[in-house]
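To find a chain, count down the sequence lines: A is the first, B the second, and so on, and within it residues start at 1.
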Protein chains: 2
Amino acid sequence: MALRHAVLAALLDGEMSGYQLAKTFDVAVSNYWHALPQQLYGELAKLEGEGLITGREVIQQGRPNKRVFTLSEAGRGKLAEFISAGSKPSFIRDDLLVKVRAAEAGSMIDLVEQLEERAEQARGKIALFEKLLRQLRGDLDEQTYLEESPRVGPYLTGLRGRAFEEDTLRWCSHAAEVLRARHASEGARPES
Amino acid sequence: MALRHAVLAALLDGEMSGYQLAKTFDVAVSNYWHALPQQLYGELAKLEGEGLITGREVIQQGRPNKRVFTLSEAGRGKLAEFISAGSKPSFIRDDLLVKVRAAEAGSMIDLVEQLEERAEQARGKIALFEKLLRQLRGDLDEQTYLEESPRVGPYLTGLRGRAFEEDTLRWCSHAAEVLRARHASEGARPES
DNA sequence: TTCGACATGTAAACCGTTACATGATTGT
DNA sequence: ACAATCATGTAACGGTTTACATGTCGAA
């Protein structure tokens with residue numbers, strides 16, 4: 001179970017409600033973890049039950065009340081434990097890569113379209129990561145920030161996210177180009 | 001359910017046993033999908049039941065017999081369908097990135113060690129991908145291969161895999177360096 | 001005879017996704 | 001009135017992981 005660790009890590013930034021966490025998981029965290037709101041509400045309830053986080057009701061005006069959660073000392077302890085324990089190898093699951101692998105068996109046109117769509121999404125994500133990094137950095141240049149800021153973790157993962165999306169963009173564009181060229185030359189060749 | 005698609009895609013390369021598939025999923029496919037042997041045996045049984053693949057007993061000498069599976073026409077049809085259907089956004093899950101994000105809460109030494117270990121693994125994977133790509137290419141240069149080979153899919157996913165691991169290597173090295181430097185300068189600074 | 005690679009599974013526990021459900025408030 | 005955003009959940013289903021289980025063969 002590692003969603004719990006991702007949640008605990010996110011709470012290092014300060015108290016958050018389930019709703020806010022869901023937002024965070026959609027942008028900054030989406031790069032290395034993903035979770036639906038329902039899962040987060042469930043996990044938060046469990047974590048509170050185990051004393052790793054503490055909840056607090058916040059009465060709001062102009063919108064519904066909410067419950068915000070804070071890391072407890074026990075929660076910090078669990079995080080430290082997790083960091084020192086061995087890591088499982090990461091894994092990706094990507095429909096689009098399965099499709100490209102099986103390109104010979106399906107419609108090239110549809111596949112190219114999906115690659116271009118993904119490339120477009122990657123452009124959007126790159127912009128988001130760039131914004132995130134700028135916000136974290138503030139007035140400092142990157143080197144100084146990496147040397148001195150207490151929030152070096154989120155910055156480093158942001159760098160990874162940006163690099164990953166840049167790679168995705170490059171690859172999708174290239175793959176789309178290759179497949180398009182093959183599709184164009186298909187009629188011009190003798191049958192295999 | 002998308003494991004089934006990954007299995008069908010893998011069978012485009014020809015008939016394979018569950019055991020061979022498990023191996024494939026550990027190397028070439030691991031880049032975009034991951035599955036344990038038990039899952040593969042289960043999925044193969046299901047796919048055979050649905051007529052998407054056909055099994056055949058192979059009597060071997062010098063080792064245990066095995067059952068190899070071949071894509072059926074119905075299976076090819078399912079793949080074509082899958083390729084044209086919309087893709088879900090890909091996702092990564094990576095313990096190590098969660099740990100880096102939470103770096104402030106745990107042992108920097110342990111974390112740096114894990115980053116370096118991961119970097120080492122990435123080097124290994126890059127070598128594997130390079131070997132895979134060379135094997136696929138044979139005597140052709142990359143451009144010609146991409147224009148003409150019928151097995152362009154595996155090559156393109158191989159390129160993605162290599163790029164991803166190169167990125168992983170770069171990032172792990174960089175992150176380890178940043179965290180090591182901070183750790184070294186920790187005693188020299190006043191407490192925060 | 002013990003180890004490693006080959007070869008295939010079952011069962012239970014756990015995790016994640018989809019669908020469903022509710023309700024307040026602000027702005028159009 | 002209606003849509004969008006804020007806010008929180010439950011239930012059923014399906015998929016994944018962990019632990020267990022079995023057995024052949026070749027080489028050291």
Determine whether the side chains of A:Glu147 and A:Gln143 contain a donor N or O and an acceptor N or O closer than 3.5 Å.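 Yes - a donor-acceptor pair under 3.5 Å links their side chains.
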
Counting side-chain heavy atoms from C-beta on, which of D:dT18, D:dC6, D:dT8 comes nearest to A:Arg63? D:dC6

Report, as yes or no, whether the 6.0 Å neighbourhood of atom [atom1] on [X] holds more than 12 heavy atoms from other residues, nucleotides or ligands.
X	atom1	answer
B:Glu113	CD	no
B:Lys78	NZ	no
A:Leu36	CG	yes

Contact interval (first through last nucleotide) of DNA chain C with protein chain A, 4.0 Å heavy-atom: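 The contacted stretch runs from C:dC15 to C:dT26.
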
Value in whole Å for how far the [atom2] atom of [N] lies from [atom1] of [X]:
X	N	atom1	atom2	result
B:Asn65	D:dT22	CG	C1'	15 Å
B:Leu40	D:dT16	CG	C1'	12 Å
A:Leu44	D:dT8	CG	P	9 Å
A:Arg56	D:dT8	CZ	C1'	18 Å
B:Gln60	D:dG23	CD	C1'	15 Å
A:Leu36	D:dT8	CG	P	16 Å
B:Tyr41	D:dT18	OH	P	18 Å
A:Asp26	D:dA7	CG	P	15 Å

Both A:Gln61 and A:Trp33 contact DNA chain C. Which one's nearest nucleotide lies toward the 5' end? A:Trp33

Using only side-chain N and O atoms of B:Gln39, determine if any of them is under 4.0 Å from OP1 or OP2 of D:dT17. yes

Is there a side-chain contact between A:Lys23 and the phosphate of D:dC6, meaning an N or O under 4.0 Å from OP1 or OP2? yes

Under 6.0 Å from the six-membered ring centre of A:Tyr19 and within 45° of its axis: does the NZ or CZ of A:Lys66 meet both? no

Would you call A:Asp26 and A:Lys23 a salt bridge, using N to O less than 4.0 angstrom?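 No, no charged N to carboxylate O under 4.0 Å.
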
Take A:Lys66 and A:Gly42, find for each the nucleotide of DNA chain D with the closest heavy atom, and name the residue whose nucleotide sits nearer the 5' end. A:Lys66

Check: B:Ala2 main-chain N/O paired with B:Trp33 side-chain donor or acceptor under 3.5 Å: no

Hey, does B:Arg93 reach any base, or is it just sugar-phosphate, or nothing, if we go heavy atoms under 4.0 Å? sugar-phosphate

